[in-house]
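Presented below is the structure to which this report refers.
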Amino acid sequence: MKRNLARRILKAGIKAALIYIVYFIFMLLIQPFFEFIGQYSLLIDMFFTVLIVFIFLTELFSGTIIKYMIEFSKSLFIIFYFVAALNSGIIDVSMENVSIIVNLRFFLLMLVLINVIGMAKTVLSAVNFLHEKSEKEY
Amino acid sequence: MKYALRALRWTTIIFWLYFAFLSLTVVYSAFNVRVETGESQFFIEDDKIVWAMPFMINNAGFYDIYDLNMTSIVEDADGTVLIKNSSFNPVIPKEKQSILWHNVSINFKEMPNYEIYLTHDSNFTVKHLISLNYAKIIPFSLSFNSTMLWGAPLYNLSISEPTLHSFNATHSKVSFNVSFENHSPYIELNGTMEVKILNENGEVIGVAEESFYAPSGSSWKETIEILVANTVEVTDYVTIKATFKTSMFSYEMEARRRLSS
């Protein structure tokens, strides 16, 4: 039991570390544009921090119903995060007397759609998990 | 249940791959669009000044650019819109170059209260708006302001005090100076000036016509001499009406002056 827990913690740690590497590479890639998107750095940091926590917890609670609850929450978080961070899909940046407006609603819609499908998949997986568990018990 | 789950899993994977592919190619393509501005040209066409700006757009990306619209709005210090011009290109295909000429034409007759700007220097605000739809999925717009110094073509237009001299047995001569400075860097003034002198009863007592030519940045001064018949009533005060006519505008100035002899 203890060995199983240690293995899960190790696996969760590796997955979290992988996400951290992705975050690190992402920050390196956006370095040339940091002047323009610097104001969003806190939002980006927050997103990756929460994502790492979710991935760690999902792996830690794998094999339990809590895993599906965390996965569902993660999808919900991603939807709300992107709706809020992308200002409902309209990015308005002003520098001195220059104003730029980019409409990213198509991308936001895609992200929401993917996560809604992900939520549906999580719910079905949870039902399937409970079904298999009850089958094993009887 | 397992089939449904598998289908959902694959759907999610396909959507994520499509999303990643689209995001990467759109960002890559957008950074491959090059815009260069050519040398602006000023010219006078019929009754308007045209400021033509060429934009060379090289769409080296993977997606077409749709509905490219460039609008320039010239406003005075109070925010009144004086001029609005737009240029439109419905589509710039991928891997193609396109030249878009954006013309800003100043037609005095279409400007509200244009008479003010013929005699007063001013600062205009020029608002540039550029909008396009990239790959039909990303509407984009950019706007910026710049200031345009406006030099009045008839700056400091003035009519001096007229003097009356006897010319011969039947006529007298009224003479006065008309002057102005052409502060406009764009307009070369070339036209005619019609002058009328009216007495205090509103009767026309003398008429003259002069042609004038004032290149950009020059001063123009002319002594006008008008013969007045001795049979008409010449009052102490007269009204001088000067009408400047060019291909671009017509401007009338009226001045009430004491006639000295």
Side-chain angles (χ1 to χ4, degrees), chain A residues 22 25-26 29-33 36-37 51 67-68 71-72 74-75 78-79 82 86-135, chain B residues 1-31 33 35 63 65-73 75 123-148:
Chain A
V22 170
I25 293 166
F26 178 76
L29 285 173
I30 64 165
Q31 200 70 39
F33 320 107
F36 306 106
I37 57 169
L51 203 64
K67 177 199 163 184
Y68 301 102
E71 273 188 349
F72 190 89
K74 187 183 80 183
S75 298
I78 291 172
I79 290 171
F82 277 105
L86 295 178
N87 192 25
S88 303
I90 308 289
I91 304 288
D92 190 344
V93 184
S94 294
M95 289 166 291
E96 292 175 10
N97 65 343
V98 180
S99 171
I100 298 169
I101 299 169
V102 187
N103 187 338
L104 296 174
R105 282 193 171 145
F106 179 80
F107 288 91
L108 183 65
L109 195 74
M110 276 201 76
L111 272 170
V112 170
L113 184 70
I114 291 168
N115 282 288
V116 166
I117 294 170
M119 282 158 75
K121 193 189 82 184
T122 308
V123 170
L124 278 180
S125 299
V127 171
N128 189 47
F129 171 77
L130 290 174
H131 175 72
E132 282 179 353
K133 200 179 170 190
S134 63
E135 265 187 352
Chain B
M1 183 77 86
K2 275 185 179 164
Y3 291 114
L5 273 172
R6 199 173 292 167
L8 281 174
R9 192 174 296 126
W10 277 107
T11 310
T12 315
I13 290 166
I14 289 163
F15 269 116
W16 270 120
L17 286 173
Y18 178 64
F19 180 78
F21 171 79
L22 200 67
S23 306
L24 287 172
T25 52
V26 162
V27 171
Y28 174 80
S29 300
F31 280 99
V33 176
V35 181
Y63 301 98
I65 296 171
Y66 295 91
D67 305 331
L68 174 63
N69 188 39
M70 298 176 88
T71 303
S72 295
I73 301 167
E75 292 179 352
N123 275 330
F124 292 159
T125 304
V126 187
K127 290 182 177 171
H128 302 278
L129 307 162
I130 301 164
S131 66
L132 57 92
N133 196 336
Y134 193 68
K136 278 215 167 151
I137 52 171
I138 310 173
F140 168 90
S141 72
L142 182 143
S143 62
F144 58 96
N145 297 347
S146 60
T147 307
M148 177 186 170

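Proteins get letters first, then strands, A, B, ... in listed order; numbering begins at 1 in each. Everything quoted here is computed from the prediction, not taken from an experiment.
- Each of A/Val102, A/Val98, A/Val127, A/Ile114 has some count of heavy-atom pairs under 4.5 Å with chain B, and the biggest count is that of A/Ile114.
- When heavy atoms are compared at a cutoff of 4.5 Å, A/Ile101 approaches chain B by way of both its backbone and its side chain.
- Scanning both residues, B/Leu22 and A/Phe106, for their nearest heavy atoms gives CD2-CE2, 3.3 Å.
- For B/Asn145 (side chain) and A/Asn97 (main-chain N/O), no donor-acceptor pair under 3.5 Å exists by modelled atom type.
- Counted within 6.0 Å of CD on A/Glu96, heavy atoms from surrounding residues, nucleotides or ligands total 12 or fewer; the atom is thus considered open.
- Here the closest heavy-atom approach between residue B/Leu8 and residue A/Ala120 is recorded as CD1-C, 4.1 Å.
- Summarising the local packing, CZ of B/Phe124 is surrounded by more than 12 heavy atoms from other residues, nucleotides or ligands at distances under 6.0 Å.
- Applying the side chain to side chain donor-acceptor pair (under 3.5 Å) test to pairs two or more places apart or on separate chains, none has a residue in residues 5-16 of chain B.
- For A/Leu113, the part lying under 4.5 angstrom from a heavy atom of chain B is the side chain only.
- Using a 4.5 Å cut-off between heavy atoms, B/Ser131 does not touch chain A at all.
- Shown here for A/Met110 and B/Phe19, the closest heavy-atom pair between the two residues is CB-CD1, 3.9 Å.
- Taking CD1 of A/Ile117 as the reference point, atom CD1 of B/Ile13 lies at 12.0 Å (rounded to 0.5 Å).
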